[in-house]
Amino acid sequence: MARRRYWLFKSEPSTYSIDDLAREPGGRAMWDGIRNYQVRNLLRDEVRVGDGVLFHHSGIAEPAVVGTARVVRAAYPDPTQFDPRHPGYDSRSSPDAPRWLAVDIALVETFSRPVTLAAMRAEPRLAGLAVLRRGNRLSVTPVPADAWRLIVRLGRG
DNA sequence: GCCAACGTTGGC
DNA sequence: GCCAACGTTGGC
């Protein structure tokens, strides 16, 4: 069995926050809306049930990892791509040939102390973390196991 | 609000 | 298939 891996999932809290996730039944939700091929391929090829997720808030004054979740369902076609009324609708996609994938995640914990981007940048042991790379725009990025452990420890305060 | 980075689109 | 223009993301 493959070792559990770790990822950082970005979301703008005005669109979907960790509090929104906490309000879902069982803290469980579909992670939909991915419309980037690199991220789609990650979901398809690498993200597995049981993997750890750092839940990261972006697009705000103090971007930060605010908690953790777990992958509870592996990649499947994102239903929002088929819905013409949905902003993520893709007319070039069809149920026969879906382009975009979603996974399901479930909340594990909300940090007592969010770990800000600035704090992560200041931590030499996190040098090279994908989310800290200049110009990084991918909404799902890999997190090495030691970086995961450090960020969780910082987040618990 | 600015701007760097990067993906996508479309003319050729 | 190249590449300029454009749109989006997201930190600052």
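Just so you know, these numbers come straight off a predicted model, no measurement behind them. The figures that follow rest on heavy atoms only: side chains count, while hydrogens, waters and symmetry mates do not. Residue numbers start from 1 in every chain, and the chains themselves are labelled A, B, ... in the order their sequence lines are given, proteins ahead of strands.
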From NE2 of His56(A) across to C1' of dT9(C) the rounded distance in Å is 13 Å

In whole angstroms, the gap separating C1' of dG10(C) from CD of Glu62(A) amounts to 15 Å

Give a yes/no answer on whether the side chain of Lys10(A) brings an N or O atom under 4.0 Å of OP1 or OP2 in dT9(C). no

Under the rule of Watson-Crick or G-U wobble with both distances under 3.5 Å, where | means paired to another strand and [ ] a crossing pair, DNA chain B maps to ||||||||||||

To the nearest angstrom, the OH-C1' distance between Tyr16(A) and dT9(C) comes to 21 Å

Rounded to whole Å, CD of Glu12(A) lies from P of dC12(C) at a distance of 15 Å

(Q) For the backbone of Met120(A) and the side chain of Glu123(A), can you confirm whether one donor and one acceptor N or O come within less than 3.5 Å of each other? (A) no

- Query: Side chains of Asp20(A) and Ser17(A): donor-acceptor distance under 3.5 Å anywhere?
  - Reply: yes

Parallel, tilted or perpendicular for Phe55(A) and Trp31(A), by the 30°/60° rule? perpendicular

Notebook entry, point to check: Tyr76(A) and Trp100(A): aromatic ring centres closer than 6.0 Å?
Noted result: no

What one should report as the nearest heavy-atom pair of Ala64(A) and Thr116(A) is CB-CA, 3.6 Å

In whole angstroms, the gap separating P of dG11(C) from CD1 of Ile60(A) amounts to 8 Å

Looking at Arg5(A) and Pro142(A), would you say the former's side chain and the latter's main chain have a donor-acceptor pair under 3.5 Å?
no

Atom OH of Tyr37(A) and atom C1' of dT8(B) are separated, to the nearest Å, by 10 Å

Here the residues of residues 131-139 of chain A within 4.0 Å heavy-atom distance, strictly under, of DNA chain B are Arg134(A), Gly135(A), Arg137(A)

task = Kindly say if Arg35(A) contacts the phosphate of dG7(C), meaning a side-chain N or O under 4.0 Å from OP1 or OP2.
result = no

(Q) Taking any heavy-atom pair under 4.0 Å as a contact, classify Arg92(A): base, sugar-phosphate, or nothing. (A) sugar-phosphate

inquiry  = Please check this pair: side chain of Arg40(A) against backbone of Arg99(A), looking for a donor-acceptor N/O pair closer than 3.5 Å.
reply    = yes

Other residues, nucleotides and ligands only: do more than 12 of their heavy atoms fall within 6.0 Å of CZ on Arg133(A)?
no

Rounded to whole Å, the CD-P distance (Gln38(A) to dA5(B)) equals 16 Å

Are the side chain of Arg4(A) and the backbone of Gly50(A) linked by a donor-acceptor contact shorter than 3.5 Å?
yes

Does the pair Arg35(A)/Asp90(A) count as a salt bridge with the N-to-O cut at 4.0 Å?
no

Quick one: which protein N/O atoms are closer than 3.5 Å to N/O atoms of nucleotides 2-4 of chain C? Pair and distance per line, please.
none

Rounded to whole Å, CZ of Arg40(A) lies from P of dG7(B) at a distance of 14 Å

Q.
Looking only at the side chains, is there a donor atom on one of Glu12(A) and Ser58(A) sitting less than 3.5 Å from an acceptor on the other?
A. no

